[in-house]
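Everything quoted here is computed from the prediction, not taken from an experiment. Numbers for residues simply follow the sequence, beginning at 1. The figures that follow rest on heavy atoms only: side chains count, while hydrogens, waters and symmetry mates do not.
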Amino acid sequence: MRRSAIVVACSVALSAAVTSCSAPATTDSGTGGAGKASKSGYLAESDTSLNGTGPLTVQLDYDSVEAGGLDPQTAATARSWSIESLVYEPLVTVDPKFGIKPLLASSWKQPNATTYVFTLREGVTFSNGRALSTADVVGSIQRLLKSKAAYAAQLGPVKSVKATGASEVTVELTKAYTPFLAALANTPAAILPMKEIGNGSLDPQKKMLGTGPFVVKDHKQDQYWNFTRNTSYRAAKTVRISDLKIEIVPQEAARLAALRNGSAAFVNFNNVDSMDQLTGTRDAKVVSQTNSDFYYLIQNSKNPDSPLADRKVRFALDSALNREEIASVALGGQSRPTGVTPSVLPGACTPSKLPAATAKSTDSAALKKAGTLRLAVYTSEPAVGQIAQVIQQQLAKAGVTVKIQKYDDSTYGAKVFGAKPDFDLAVGWFAGYVDASMVSRWWNPVLAGFSGTFLNDDKTLDALIDEAASRPDGAARTRTLAALCARVDTAAQMLPLVTRPSVVGYRTDQVSPTLRTAEGYGNFLRDITSYTLPGAK
């Protein structure tokens, strides 16, 4: 999701005949040569022969300011999910191929379509030494469901959560909901220390207390995070990083310099051009990780005075877009076209088969009616502006004038997601999650809330969203997902464009990381406990 707190799609806003789950070709800089994704689902796998321990310095572009402070249940951005995942853990997690695997639950069984029975892992404690209990699990899920957090909608139709044994928790749904386990696998669904929250000894908005590998030593907003290894972590001896410092460095050039001079060992980049700028840098490697996250174009259909209130105009504009060109020009080929089901995920629809892509001709009368349109973008992410420029050029060829209006994050949020939207078109991004049907829930403005000011509710689409969520994996669900993609495409109110790559660089002389080919929750720190470090020289 986008970093602006008002955009809740990464849990919500600012996030296909089965398509390939492989990433675009990966570029490495430095001595490593051209990198290729392994069949195991990893871009890089840590060198297990390295046995050093010690500190690690990471530089990130920004530090999310969340309305709920440090509370993971209200976290609305992928950056918060990544940082908070160092401390908090959910019942289940995601494997490299987007399958669900155990984490705080050692196992689960599903006796029927609406019942999930979880057995808790033995030997799990919070960082204060208290053992994890079924009360923590039950209370955490109930707390999330009762909250006003946007992510709560992703858990679906939960009827009840109960402890059904000393280490067993049973969740009952009112109807089948295939993404349920996938929804549990993200940081907002992490298990919290409910005893401490209940007795008032912990305010989760101000402090973090979890079962994960790290504890927070100190944090200064927009400047740094300091973590130390959690000695109570069940696998503490296997964690090689003793101290983790995350420095917040907004300037891309400064992060590039830090990777070059070795003052940072692991760095994220917003601009795919950074991959070329580090070519030849000794001991530096840069890779592009595919995300299920994707960029989208909003067409504000609820303004009755706008030509975009006409579906024919919106669909004609959709048909004039070339997503392949957006991916290659704006994102350097490190992206791919997508429908509303993220193209990196199993079961996703095929973008090239959608109605706008296969339209034999463009409705010239509708395009003429479009006139001049204002396209809102935010300036904190270079790719957003680059996408807008390509869209502007493509629509100009179709005879439509587009004026790009650039805003800082807060102004963009007010104009696009405020009570009185003031835009015609807008570019943003959604988190794509790890089940192909999950992000589609934000196309139902009643469920999403945030999109109700610029999206008209489409009951046919709402029914397809519900059907895709309730069908079990298989051919019938794939067909429903394809129909869902087509309906989103023809309604043309909010248009999925291309996937959003994550570019990360690291120093091979300081760290050997494990990095997945593709990521579903935007967490490029997901496998940090398996990073290895060189020994003392």
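For the atom pair CG (Asp422) and OG1 (Thr453), the distance works out to 11.5 Å, reported to the nearest 0.5 Å. Here the straight-line distance linking atom CD1 of Ile391 with atom CG of Asn322 works out to 11.0 Å at 0.5 Å rounding. How far CD of Gln154 is from CG of Leu447: 9.0 Å, rounded to the nearest 0.5 Å. The distance from the CZ atom of Arg374 to the NZ atom of Lys403 is 10.5 Å, given to the nearest 0.5 Å. One finds the CD atom of Gln405 at 12.0 Å from the OG1 atom of Thr411 (value rounded to the nearest 0.5 Å). In this structure, Arg500 CZ and Gln334 CD are separated by 14.0 Å, a value rounded to the nearest 0.5 Å.
Residues Pro96 and Tyr42 are in side-chain contact: their nearest non-hydrogen atoms beyond the backbone lie under 4.5 Å apart. Considering only heavy atoms from C-beta on, Ser85 stays 4.5 Å or farther from Arg526 through its side chain. Side-chain contact between Leu308 and Leu425: present, with at least one pair of heavy atoms (C-beta onward) separated by less than 4.5 Å. By the 4.5 Å heavy-atom criterion applied to side chains, Tyr151 and Thr187 are not counted as neighbours. Side-chain contact between Leu184 and Pro90 is absent, with no heavy-atom pair separated by less than 4.5 Å. When side chains are defined from C-beta on, Leu60 does not count as touching Phe266, because their heavy atoms never get closer than 4.5 Å. No side-chain heavy atom of Tyr521 sits less than 4.5 Å from a side-chain heavy atom of Pro188. For the pair Val488 and Met494, the minimum side-chain heavy-atom distance is 4.5 Å or more.
A donor-acceptor pair under 3.5 Å links the side-chain atoms of Thr338 to the main chain of Ser343, judged by distance alone. With Arg336 contributing its side chain and Val498 its backbone, the two residues share no donor-acceptor pair below 3.5 Å. Side-chain atoms of Ser335 do not come within 3.5 Å of backbone N or O of Pro501 as any donor-acceptor pair. With hydrogens and angles disregarded, no donor-acceptor distance shorter than 3.5 Å links the side chain of Gln277 to the backbone of Leu256. A donor-acceptor contact shorter than 3.5 Å links the side chain of Ser46 to the backbone of Ser530. With hydrogens and angles disregarded, a donor-acceptor distance shorter than 3.5 Å links the side chain of Gln221 to the backbone of Asp63. Of the possible polar contacts, none joining the Gln299 side chain to the Leu495 backbone as a donor-acceptor pair under 3.5 Å is found. Counting only distance, with no hydrogens or angles, the side chain of Lys302 and the backbone of Gly452 share a donor-acceptor pair below 3.5 Å. With Arg516 contributing its side chain and Leu43 its backbone, the two residues share no donor-acceptor pair below 3.5 Å. Listed for the Glu252 side chain is a donor-acceptor partner under 3.5 Å among the backbone atoms of Asn270.
With no hydrogens or angles considered, no side-chain donor-acceptor pair links Ser440 and Ser437 at under 3.5 Å. In summary, the side chains of Thr480 and Glu467 do present a donor paired with an acceptor at a separation below 3.5 Å, with no hydrogens or angles considered.
Using a cut-off of 4.0 Å between Lys/Arg side-chain N and Asp/Glu carboxylate O, Asp61 and Arg79 are scored as salt-bridged. The pair Arg311-Asp458 does not count as a salt bridge, with every side-chain nitrogen at least 4.0 angstrom from each carboxylate oxygen.
Under the side chain to side chain contact (heavy atoms under 4.5 Å, CB included) test applied with Asp424, the options Asn300, Leu373, Leu375 reduce to a single match, Leu373.
The local environment of CD in Glu325 is crowded, with over 12 non-hydrogen atoms from other residues, nucleotides or ligands closer than 6.0 Å.
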With side-chain contact (heavy atoms from CB on, under 4.5 Å) as the criterion, how do Ile326 and Gln394 come out once you've worked through the C-alpha distance, each side chain's angles and the decisive distance to 0.1 Å?
CA-CA 9 Å; Ile326 293 172; Gln394 291 178 352; 3.9 Å; yes
What do the steps show when you test Tyr506 against Leu515 for side-chain contact (heavy atoms from CB on, under 4.5 Å), and what is the final call?
CA-CA 11 Å; Tyr506 58 96; Leu515 298 170; 3.9 Å; yes
Starting from the C-alpha separation in whole Å, work towards a yes-or-no answer on side-chain contact (heavy atoms from CB on, under 4.5 Å) for Val286 and Val504.
CA-CA 6 Å; Val286 184; Val504 296; over 6 Å; no
Starting from the C-alpha separation in whole Å, work towards a yes-or-no answer on salt bridge (Lys or Arg N to Asp or Glu O under 4.0 Å) for Asp509 and Arg507.
CA-CA 5 Å; Asp509 57 341; Arg507 295 280 308 196; 3.0 Å; yes
Go through Glu519 and Ser502 one step at a time and tell me if the side-chain contact (heavy atoms from CB on, under 4.5 Å) criterion holds.
CA-CA 9 Å; Glu519 167 62 34; Ser502 174; over 6 Å; no
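Shown here for Val344 and Ser292, the closest heavy-atom pair between the two residues is CG1-CA, 3.4 Å. Residues Asn303 and Ala309 come closest through the heavy atom pair O-CB, 3.7 Å. In terms of heavy atoms, Leu244 sits closest to Leu86 at CD2-CD1, 3.7 Å. The minimum heavy-atom distance linking Leu354 with Gly339 is given by the pair CD1-CA, 4.2 Å. Residue Thr77 comes nearest to Ser64 through the heavy atom pair OG1-OG, 2.7 Å, listed as atom of the first residue, atom of the second, then distance. Contact between Val313 and Ala370 at its shortest, heavy atoms only, is CG1-CB, 3.9 Å.
Taking the six-membered ring where tryptophan is involved, the planes of Phe454 and Phe423 are perpendicular, since the angle between them exceeds 60° and thus also 30°.
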